[in-house]
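Worksheet for the structure shown next.
Chain identifiers are assigned alphabetically (A, B, ...) following the order of the sequence lines, protein sequences preceding nucleic acid strands; residue numbering begins at 1 within each chain.
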Amino acid sequence: MTVPTLLTKNPSFLFSFKPNEISASLEKTIKLLKISADTRNLRFGKTLHSQLIIANQSNELNVIQTNCLINLYVKCGEISVARKLFDQMPERNVVSWNALMAGYLHSGLASEALKLFKTMNRWESLRPNEYIFATVLASCSDIRALEEGKQCHGYVLKSGLVFHLYVKNALLDMYSRCSDVEGAMSVLKTVPGSDILSYNSIISGFLENGYLNEGLEVLRKMVDGFFVWDNFTHVTMLGLCASLKDLKLGLQIHNQILRREIEFDVFLGSAIIDMYGKCGKILNAKNVFYGLQERNVVLWTAIMVAYAHNRYFEEALNHFLEMELAGILPNEYTFAVMLNSCAGLSALRHGGLFHSRAEKSGFKDHLNVGNALINMYSKSGSIEDARRVFSDMIHRDTITWNSMISGYSHHGLGREALLVFHQMLASFGVPNYITFVGVLSACGHLGLVDEGFYYLNHLMENFGIKPGVEHYTCIVGLLGRAGLLTEAENLMKSNPIKWDVVAWRTLLSACHVHRNFGLGKKVADVILELDPNDVATYILLSNMYAKAKRWDGVVNIRKLMRGREIKKEPGVSWIQVKNNIHVFVSEDKKHLESQKIHEKVSELLSQIKMLGYVPDIASVLHDVGDEQKEEYLSYHSEKLAVAFGLMNTPSGAPIHVIKNLRMCDDCHTAVKLISKVTKRKIIVRDANRFHCFESGTCSCGDYW
DNA sequence: CTAGGGTTAG
């Protein structure tokens with residue numbers, strides 16, 4: 001039926017019909033019902049419904065009339081009304097079934113659609129047609145019901161319905177979204193005839209499941225077939241480039257879009273911004289963003305994501321203000337990016353503000369917001385708050401569990417991490433690669449060697465996850481921590497995996513803690529071969545020489561560093577008090593209250609000396625006298641930041657300090673004792689992990 | 001009278 005354009009384009013025009021004109025012809029009413037369904041005009045549709053009843057003089061409506069009504073109510077989101085009409089029908093045809101099934105599918109109840117289909121199968125006189133299978137296969141695809149999908153495949157093959165393009169495309173969509181690459185490819189190759197939709201479906205399905213190379217392969221096939229790309233194709237292909245971080249291909253696609261003078265809609269714009277962001281080209285992303293005429297919340301969020309992805313967290317946060325000024329309201333994704341940017345900066349107070357705003361805006365129960373909150377709180381040092389969010393969450397996915405597990409691990413709370421992991425398994429959560437990094441590092445904190453190997457060798461295999469270098473590094477750390485240095489060394493020698501600097505450094509810190517000077521020296525040589533500029537290694541090695549009182553060694557390291565022009569990155573610590581972030585640089589006296597802060601440090605140090613604190617002057621690399629060395633130690637940035645925090649927060653409040661480098665031994669001992677004399681909880685986030693100091697002990701158990 | 005795809009987070 002051809003719909004007059006005036007009607008579809010301007011649904012309000014429909015109101016100009018007088019009820020008596022409508023009842024003039026039943027046929028006309030049917031046409032109008034279709035129009036009101038297509039334009040989602042429930043009010044007008046209801047009028048037509050009553051007209052239909054009147055015109056029929058209380059006789060039962062016929063099948064076609066009722067089908068139209070079902071379609072109307074389904075399209076307008078009134079699925080239960082549609083169901084009632086359907087149930088009351090004395091006789092139904094395939095159209096009745098399909099209209100209702102499609103209704104369920106589109107209201108997110110695909111399983112209800114499949115249930116309906118199964119009852120229809122018992123209706124012997126009705127043979128499902130291509131419409132039915134298009135809907136049923138789409139339902140299978142929606143809930144990833146591969147088995148049912150395959151059964152449909154069998155039926156449509158035998159009945160020949162597979163030759164309808166709608167059915168073929170639904171099959172492609174079903175297989176690719178269910179991760180059945182072979183199924184999808186065989187449909188593509190064996191069933192003749194494809195259109196641009198066939199390719200869009202299969203490629204986006206592959207992309208969704210991480211089959212990037214398979215996606216590229218199909219792309220090549222498509223290019224050979226000379227299909228004209230539509231906007232869906234462009235969006236999907238840009239997504240492929242983003243996942244592959246393939247800038248070259250991305251630029252080509254962007255070029256093609258410009259050349260063909262395709263208009264940028266929201267989808268295309270955000271896909272391009274995202275592609276540039278993922279490829280690390282933030283300037284290109286920015287240019288596209290500011291070049292657009294209209295910017296909605298998705299585009300704003302996309303540019304924020306691009307900044308955050310490239311670790312420009314402050315810029316991401318600034319865009320939030322800019323967006324608000326532009327009068328655009330944030331949605332749940334916006335809050336997720338903001339919270340994750342706060343996490344990246346350990347900006348606990350800003351994070352807390354976004355938490356309350358997200359709550360007020362009604363996004364509290366969104367999965368991605370909950371996940372971001374856990375991430376923000378645990379990376380900002382408030383693991384208890386992270387736990388609170390986690391416990392309140394109604395739905396959890398793998399990322400939820402992972403965030404909580406690795407959050408606990410970073411805080412040295414191995415037992416809690418493992419408890420969450422077992423809770424995850426008990427509630428049928430599906431662990432992935434990242435889950436086991438958190439789990440194995442938790443085993444490390446607890447010194448659970450046997451359990452660690454059990455998880456690595458058995459549990460991971462059960463879940464079909466191949467251990468990678470991150471997992472083996474955890475095992476090295478685990479062995480090292482347990483003092484099994486030879487075993488750790490042998491593992492690294494015998495395992496053919498490509499060990500990186502991080503892995504070797506893990507072994508080196510184990511040597512440092514256990515004062516195994518001989519092995520430490522060997523390991524340091526390996527690291528410096530891989531990366532002659534690895535400052536952490538020089539420092540650890542020099543510390544080891546100092547601990548062994550090998551002063552010649554200390555001097556040699558110093559010479560080596562000078563010769564290679566390696567400079568130690570200055571230690572920087574920061575702390576937020578009220579709305580200001582106070583930054584302290586080691587041995588720097590620039591803070592406004594510098595004088596007062598140093599007095600506070602001296603006071604604290606003399607207090608803890610009475611508890612047995614001895615400054616670790618051997619660790620000072622400068623070539624100066626002992627007294628001077630002690631002074632250098634007292635100016636370490638974390639000591640300044642802690643002192644400042646103690647002076648400017650109410651007694652009993654926890655103190656959060658962030659530091660750019662690994663905490664040094666001396667500060668670690670000092671802060672432990674400071675937490676004791678001041679009765680304060682002091683949380684320091686260093687380059688590797690969290691240290692939670694309380695009553696004279698640290699959550700890391702002096703191993704970090 | 002009934003059936004088709006896309007954007008932003010981790």
Side-chain angles (χ1 to χ4, degrees), chain A residues 1 30-31 33-34 37 62-72 74-75 92-103 105-106 113 128-139 141 164-174 176-177 195-205 207-208 230-239 242 264-275 277 296-306 308-309 330-341 343 366-372 374-375 397-400 402-403 432 434:
Chain A
M1 181 186 96
I30 295 288
K31 287 180 180 174
L33 263 177
K34 184 179 153 48
N62 70 30
V63 180
I64 293 180
Q65 289 165 339
T66 318
N67 286 348
C68 284
L69 287 171
I70 291 175
N71 186 39
L72 165 78
V74 146
K75 291 278 159 61
R92 308 173 186 103
N93 65 13
V94 273
V95 179
S96 332
W97 288 88
N98 194 50
L100 189 61
M101 278 170 23
L105 172 62
H106 291 135
N129 63 1
E130 70 274 21
Y131 280 80
I132 296 285
F133 276 105
T135 308
V136 172
L137 282 165
S139 305
S141 170
H164 290 272
L165 197 49
Y166 267 99
V167 174
K168 177 185 171 174
N169 287 348
L171 268 174
L172 282 175
D173 190 64
M174 187 277 295
S176 62
R177 299 239 310 226
D195 62 1
I196 189 71
L197 227 116
S198 320
Y199 286 98
N200 290 349
S201 282
I202 188 168
I203 296 176
S204 72
L207 188 55
E208 184 183 293
D230 64 7
N231 266 14
F232 291 96
T233 323
H234 284 116
V235 168
T236 308
M237 293 313 156
L238 287 164
F264 277 63
D265 66 359
V266 175
F267 295 105
L268 205 48
S270 51
I272 293 189
I273 292 171
D274 187 54
M275 181 275 291
N296 72 356
V297 63
V298 177
L299 286 162
W300 279 98
T301 309
I303 191 73
M304 291 170 185
V305 170
H309 183 81
N331 67 12
E332 71 271 29
Y333 288 102
T334 323
F335 281 113
V337 202
M338 292 298 98
L339 288 164
N340 288 322
S341 300
H366 284 80
L367 187 62
N368 52 2
V369 173
N371 291 349
I374 297 175
N375 186 31
D397 66 359
T398 301
I399 293 161
T400 319
N402 287 357
S403 306
N432 64 12
I434 297 168

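In this structure, A:M101 atom CE and B:dT2 atom C1' are separated by 10 Å, rounded to whole Å. Rounded to an integer number of Å, the gap from A:L33 CG to B:dC1 P is 11 Å. Summarising the geometry, the separation between OH on A:Y131 and P on B:dA3 is reported as 8 Å, rounded to the nearest angstrom. Atom CD1 in A:I196 sits about 13 Å away from atom C1' in B:dG6, given to the nearest Å. Atom NE2 in A:H164 sits about 17 Å away from atom P in B:dT2, given to the nearest Å. Rounded to an integer number of Å, the gap from CH2 of A:W97 to P of B:dT2 is 19 Å. Distance A:M174 CE to B:dA3 C1': 16 Å, rounded to the nearest Å. Protein atom CG of A:L100 is 11 Å distant from nucleotide atom C1' of B:dT2, rounded to whole Å.
Checking A:S204, A:S198, A:S141 one by one against A:D173, the side-chain hydrogen bond (donor to acceptor under 3.5 Å, both in side chains) holds for a single residue, A:S141. Of the candidates A:N340, A:D397, A:T398, A:N371 forms a side-chain hydrogen bond (donor to acceptor under 3.5 Å, both in side chains) with just one, namely A:D397. Checked against A:L33 for a side chain to side chain contact (heavy atoms under 4.5 Å, CB included), the options A:L69, A:N67, A:N71 give a single hit: A:L69.
In terms of heavy atoms, A:A99 sits closest to A:I70 at CB-CG2, 3.9 Å. The nearest pair of heavy atoms linking A:V369 to A:L339 is O-CD1, 4.1 Å.
Across all strands shown, A:N296 has no heavy atoms under 4.0 Å from either base or sugar-phosphate atoms. Among the protein residues, A:K168 comes within range of no part of the nucleic acid, since none of its heavy atoms lies under 4.0 Å from any strand. Counting any heavy atom pair closer than 4.0 Å across all strands shown, A:S204 reaches no nucleic acid atom. Within 4.0 Å (heavy atoms only), A:A102 reaches sugar-phosphate atoms of the nucleic acid but no base atom. Within 4.0 Å of A:N402, counting heavy atoms only, lies no atom of the nucleic acid at all. Residue contacts shown for A:H366 are absent, as no nucleic acid heavy atom lies under 4.0 Å away.
Distances from the side chain of A:I64 to the nucleotides B:dT7, B:dC1, B:dA3 place B:dC1 closest. Here the side chain of A:R177 is nearest to one of B:dA3, B:dG6, B:dC1, namely B:dG6. Side-chain proximity of A:N93 to B:dC1, B:dT2, B:dG6: nearest is B:dC1.
The closest side-chain donor-acceptor pair between A:N98 and A:N129, if any, does not fall under 3.5 angstrom.
Annotation: side chain of A:N368 is not in contact with side chain of A:I399 (no heavy-atom distance under 4.5 Å).
Interface remark: the A:D230 side chain does not form any donor-acceptor pair with the B:dG6 base, using a distance-only criterion of under 3.5 Å.
Phosphate contact (OP1/OP2 of B:dA3, side-chain N/O of A:K75, threshold under 4.0 Å): present.
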Pull out every protein N or O sitting under 3.5 Å from an N or O of nucleotides 8-10 of chain B, one pair per line with the distance.
residue, atom, partner, partner atom, Å
B:dG10, OP1, A:N340, ND2, 3.2
B:dG10, N2, A:D397, OD2, 2.6

Any chance you could lay out the side-chain contact (heavy atoms from CB on, under 4.5 Å) test for A:T334 and A:N331, step after step, and finish with the verdict? CA-CA 5 Å; A:T334 323; A:N331 67 12; 2.9 Å; yes

